[in-house]
Amino acid sequence: MNKKKKARKLKSRIKLYRRTLQTTTALAFILIPWLNSKNFNLVSGNFLSFKLAEFSLADPLAVLQITLKNAWISTDLIIGALIALGIAFCLGAVFCSWICPFGLLSELGQSVSKQLMPKKNKKQNTRNNAFIIKMIIFISGFMAFFLFSTTPILNQLSMPAWYSRIFQFIFIQKYICFAIFVMMFILTAEIVFQNRLWCRYFCPQSVLLILVKQLNPARLTVNFKTDKCFHPKTGKEPCHRACNIGLNPKKLANGNETDCINCGDCIVACSLYGEALNFKFNGRNRGAEKK
């Protein structure tokens with residue numbers, strides 16, 4: 001097998017690897033509280049604070065709010081938050097596409113929506129104002145927290161945190177949390193209105209990840225090469241159709257790159273026809289197609 005075939009085969013497996021990691025994470029945060037209820041505490045926590053033996057992770061957004069409110073922070077919280085931010089700095093917002101269990105549910109809902117309403121899904125949403133809307137919500141949440149609350153308000157909007165906490169309530173507190181119905185409502189709304197509304201326009205956790213990744217121009221990005229684009233001449237381009245948040249990967253350099261979560265679905269779709277798209281460090285804007 002020559003190098004090109006090996007590279008194409010590897011690209012075609014990106015989604016399989018991603019789905020495996022997403023599913024494993026989603027199942028792990030169901031299993032962890034069950035183990036904790038059986039007094040096995042080597043691993044514990046949720047998406048706000050997670051601990052494996054002596055290794056800790058913390059949600060950067062929660063840490064930021066608590067730190068600014070109390071003017072104090074522990075070393076463990078700093079290290080835990082910096083690990084998460086360091087991953088975003090190097091690899092982009094991969095938490096959203098490779099780890100987040102709500103992201104997995106949202107993507108599955110999008111797939112259901114495409115099956116139920118294929119005509120509506122033909123209209124791709126390529127607006128690049130999603131991050132602006134999230135920033136407005138983000139800033140408003142911070143202001144409300146500092147003025148009126150002692151509990152980090154933005155973390156009440158964290159779907160991955162609520163996903164993990166729902167199972168903590170079920171297995172440890174022994175009752176069903178109301179958040180499960182809120183999550184079902186949001187997923188249903190996404191199926192009806194499409195375009196992954198929560199992840200694109202509301203999720204406050206992704207704001208810090210996006211801001212941090214923008215600080216590093218040498219981070220991992222989707223790289224487009226004009227001379228290797230051989231898409232079918234009829235219908236929508238496969239890479240564009242593959243994007244589950246409606247972005248055109250060939251035009252990321254023209255303003256949509258902020259919303260890109262490096263899921264790799266466009267690269268998988270492109271690998272069936274050519275070699276125009278690939279992940280690359282320090283590859284932003286290279287060969288980007290003009291509007």
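Remember, it's a predicted structure, so these values are computed and weren't measured experimentally.
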As an exercise, state the distance from CG of N36 to CZ of F40, rounded to the nearest 0.5 Å.
8.5 Å

Apply ring pair (Phe, Tyr, Trp, His ring centres under 6.0 Å) to the pair F47 and F29, showing each step before the final yes or no.
CA-CA 9 Å; F47 278 100; F29 279 91; 4.2 Å; yes

Donor-acceptor pair, distance only, cut-off 3.5 Å: does the side chain of Y163 make one with the backbone of A26?
yes

Checking R200 side chain against I245 main chain: does a donor-acceptor pair fall under 3.5 Å?
yes

Apply side-chain contact (heavy atoms from CB on, under 4.5 Å) to the pair K134 and S206, showing each step before the final yes or no.
CA-CA 9 Å; K134 275 198 287 194; S206 63; 2.8 Å; yes

Look at the side chain of E190 and the backbone N and O of I186, then say whether any donor-acceptor pair between them is shorter than 3.5 Å.
no

What are the two closest heavy atoms between Q168 and N46, and how far apart are they?
OE1-ND2, 3.0 Å

salt_bridge(E257, K250) N-O dist < 4.0 Å
no

For the pair K15 and E107, find out whether any cationic side-chain nitrogen is under 4.0 Å from an anionic carboxylate oxygen.
no

Which label fits F181 and F178: parallel for a plane angle under 30°, tilted from 30 to 60°, or perpendicular past 60°?
tilted

When you measure from the side chain of R219 to the backbone of F281, do you find a donor-acceptor pair of N or O atoms at a distance under 3.5 Å?
no

Got a sec, which residues hit salt bridge (Lys or Arg N to Asp or Glu O under 4.0 Å) with R196, two or more places apart in sequence or on another chain?
none

Salt bridge (charged side-chain N to carboxylate O under 4.0 Å, His left out) pairs, two or more places apart, involving residues 74-99:
none

Checking T221 against K280: is there a side-chain donor and acceptor pair closer than 3.5 Å?
no

Could you go through the side-chain contact (heavy atoms from CB on, under 4.5 Å) check for K51 and V43 one step at a time?
CA-CA 6 Å; K51 190 169 185 179; V43 57; over 6 Å; no

Shortest non-hydrogen pair, Q205 vs S158, comes out as OE1-CB, 3.1 Å

Just verifying a value: how many Å separate I78 CD1 and L82 CG, rounded to the nearest 0.5 Å?
7.0 Å

Indicate whether the side chain of R19 and that of Q22 have a donor and an acceptor atom separated by less than 3.5 Å.
yes

Is a side-chain donor or acceptor of S49 paired with a backbone partner of G45 at a separation under 3.5 angstrom?
no

What is the distance from atom SG of C239 to atom CG of N248, rounded to the nearest 0.5 Å?
6.0 Å

